[in-house]
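Written out below as structure tokens is the structure these notes cover.
Just so you know, these numbers come straight off a predicted model, no measurement behind them.
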Amino acid sequence: MPVEEFVAGWISGETFFFLLSHHPQWWITSWGRLASSAWREGPHSLHLLVTTGALGLVLGHPFDTVKVRLQTQNTYRGIVDCMVKTYRHESLLGFFKGMSFPIASIAVVNSVLFGVYSNTLLVLTATSHQERRAQPPSYTHVFIAGCTGGFLQAYCLAPFDLIKVRLQNQTEPRAQPGSPPPQYRGPVHCAASIFQEEGPRGLFRGAWALTLRDTPTLGIYFATYEWLCRQSTPDGQNPSSATVLVAGGFAGITSWVTATPLDVIKSRMQMAGLKQREYQGMLDCMVSSARQEGLGVFFRGLTINSARAFPVNAVTFLSYEYLLHSWG
């Protein structure tokens with residue numbers, strides 16, 4: 001089984017984490033130049049790709065924190081109210097709670113998703129990644145491969161996502177001398193506490209909702225990306241870097257439109273038993289949420305999800321396509 005797709009996903013995540021840890025101050029001053037260069041000239045250096053990709057992840061996390069709080073808490077009147085209250089009570093650091101695990105896990109998640117997707121296409125079509133521009137797979141095959149990648153990714157992602165959501169929902173300001181400590185002191189303490197208090201199954205709370213969210217959604221995600229690339233690329237040619245950026249961004253938005261209702265259920269089930277009632281299952285969570293807050297509750301966070309999805313997914317596809325193209 002070819003491993004290039006797994007390695008490409010791994011590198012496009014692992015190098016983001018390395019550069020973020022060692023050169024955080026460099027990205028802000030370089031973002032405009034790097035993004036503009038990628039748009040005009042195409043992917044020409046790994047340095048360019050990992051920098052824009054890491055910055056996309058970092059810039060996207062504050063949006064994700066606001067989204068999670070809107071979905072799981074009833075104390076905010078909207079996006080702006082949530083942002084203002086978070087900043088006043090917790091400073092800018094409040095927007096970055098729970099970010100360490102997504103950064104650390106992005107290599108594994110990307111590797112599983114893109115590796116399984118591409119190798120499933122190989123099984124279905126008997127064509128490698130390099131041959132697919134000349135012999136494009138059907139959209140049915142693309143959808144099935146995307147669903148397969150989404151299904152397997154969900155189980156790798158579930159514990160990391162649970163810990164992220166729990167940390168994002170801690171609204172206490174930074175600990176001051178004499179003030180009570182937050183429930184979780186960090187991601188490792190959060191994981192250990194959940195394991196001790198809720199058992200191993202506690203780390204997979206909300207995993208079924210996550211699986212149902214990601215399985216069809218990622219099929220739509222890859223099918224949308226392929227369709228947009230083919231509309232803007234002559235037959236047999238590789239899409240330009242601008243096409244990849246735009247197609248990846250709109251694929252991200254399209255997928256989140258379909259994913260948001262189950263994303264709300266997933267987040268609420270992950271927080272169940274802490275700041276809100278314990279649900280008996282997904283159906284109970286859906287019925288209870290709709291009865292108490294109306295059907296609009298299932299679309300909380302859609303606007304901010306869409307705003308976050310474009311840059312994050314644009315650079316994800318750009319890095320992935322570049323790495324596979326450079327390896328021939």
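The two residues Val165 and Ser267 make their nearest non-hydrogen contact at CG1-O, 4.3 Å. Residues Leu228 and Ala247 share a closest heavy-atom pair of CB-CB, 3.7 Å. Scanning all heavy atoms of the two residues, the minimum distance from Val244 to Pro239 falls at CG2-CG, 3.8 Å. Across all non-hydrogen atoms, the minimal contact from Leu162 to Phe204 is CD2-N, 4.4 Å. The minimum heavy-atom distance between Thr120 and Thr148, with the atom names listed, is OG1-CG2, 3.8 Å. Taking all atoms of both residues into account, the shortest heavy-atom contact from Ala259 to Thr217 is CB-OG1, 3.5 Å.
Hydrophobic cluster membership differs between Leu152 and Phe143, with clusters built from Ile, Leu, Val, Met, Phe, Trp and Tyr side chains linked at under 4.5 angstrom. In the hydrophobic cluster analysis, where Ile, Leu, Val, Met, Phe, Trp and Tyr join through side-chain heavy atoms closer than 4.5 angstrom, Val188 is grouped apart from Tyr184. The cluster map of Ile, Leu, Val, Met, Phe, Trp and Tyr, joined by side-chain heavy atoms under 4.5 Å apart, puts Val80 and Phe95 in different clusters. Put simply, Leu124 and Phe114 are part of two different groups of oily side chains (I, L, V, M, F, W, Y) that touch within less than 4.5 Å, one to the next.
The closest donor-acceptor contact from the side chain of Arg308 to the backbone of Gly60 lies under 3.5 Å. With hydrogens and angles disregarded, no donor-acceptor distance shorter than 3.5 Å links the side chain of Thr215 to the backbone of Leu212. The backbone N or O of Pro137 lies less than 3.5 Å from no partner atom in the side chain of His141, so there is not a single donor-acceptor pair. Between the side chain of Ser118 and the main chain of Gly115, no donor-acceptor pair closer than 3.5 Å is present. Side-chain atoms of Thr258 come within 3.5 Å of backbone atoms of Ser255 as a donor-acceptor pair (strictly under, hydrogens ignored).
Residues Ile194 and Arg205 form no side-chain contact, since every pair of their non-hydrogen atoms from C-beta on lies 4.5 Å or further apart. Looking only at side-chain heavy atoms (C-beta outward), Arg69 and Lys85 stay at 4.5 Å or farther from each other. Within the 4.5 Å cutoff, no side-chain heavy atoms of Val116 are placed close to those of Gln153. Between Thr86 and Cys82 the shortest side-chain heavy-atom distance falls below 4.5 Å. At a threshold of 4.5 Å between non-hydrogen side-chain atoms, the residues Phe151 and Thr211 count as touching. Counting only heavy atoms from C-beta outward, the side chains of Tyr155 and Leu210 never approach each other to under 4.5 Å. Thr127 has its side chain out of reach of Leu121: every pair of non-hydrogen atoms, C-beta onward, lies at least 4.5 Å apart. Annotation: side chain of Asp214 is in contact with side chain of Leu157 (closest heavy-atom distance under 4.5 Å).
Residue Leu70 is tested with Asp81, Val297, Ile79 for a side-chain contact (heavy atoms from CB on, under 4.5 Å); the sole match is Ile79.
Looking only at atom types and distance, the side chain of Tyr221 has a donor-acceptor partner in the side chain of Asn313 under 3.5 Å away.
Distance check, rounded to the nearest 0.5 Å: CE of Met286 to CG of Leu295 gives 10.0 Å. One finds the OG atom of Ser232 at 12.5 Å from the CD atom of Gln237 (value rounded to the nearest 0.5 Å). Distance check: Thr65 OG1 to Gln170 CD gives 12.0 Å after rounding to the nearest 0.5 Å. In this structure, the separation between CD1 on Ile265 and SG on Cys285 is 4.0 Å, given to the nearest 0.5 Å. A distance of 14.5 Å separates CZ of Phe317 from OG of Ser241, quoted to the nearest 0.5 Å. Here the CZ-CD distance, from Phe298 to Glu293, works out to 9.0 Å after rounding to the nearest 0.5 Å.
Under a cutoff of 6.0 Å and an axis angle of 45°, Arg300 and Tyr76 do not form a cation-pi pair.
A salt bridge does not link Glu197 with Arg166: none of the charged nitrogens is closer than 4.0 Å to a carboxylate oxygen.
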Give the C-alpha distance, both sets of side-chain angles, the deciding distance and a yes or no for side-chain contact (heavy atoms from CB on, under 4.5 Å) between Asp64 and Gln168. CA-CA 9 Å; Asp64 187 66; Gln168 286 174 316; 2.9 Å; yes

Does the ring pair (Phe, Tyr, Trp, His ring centres under 6.0 Å) test come out yes or no for Phe310 and Phe250, once each step is laid out? CA-CA 6 Å; Phe310 192 97; Phe250 278 108; 5.4 Å; yes

So Asp263 and Trp256, side-chain contact (heavy atoms from CB on, under 4.5 Å) or not? Walk me through it. CA-CA 9 Å; Asp263 190 51; Trp256 271 114; 3.6 Å; yes

Yes or no on side-chain contact (heavy atoms from CB on, under 4.5 Å) for Val257 and Leu302, after CA distance, side-chain angles and deciding distance? CA-CA 7 Å; Val257 169; Leu302 175 59; 4.1 Å; yes

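In the displayed structure, Asn74 atom CG is contacted under 6.0 Å by more than 12 heavy atoms of other residues, nucleotides or ligands. By the 6.0 Å contact criterion, CD on Gln196 is open, its count of non-hydrogen atoms from other residues, nucleotides or ligands being 12 or less.
Ser289 meets the side-chain hydrogen bond (donor to acceptor under 3.5 Å, both in side chains) test with Arg268; sequence neighbours excluded.
In this pair, Phe96 and His61 present their aromatic rings parallel. The plane angle is below 30°, not in the 30 to 60° band. Classification of the Phe222-Tyr117 ring pair by plane angle, with boundaries at 30° and 60°, yields parallel.
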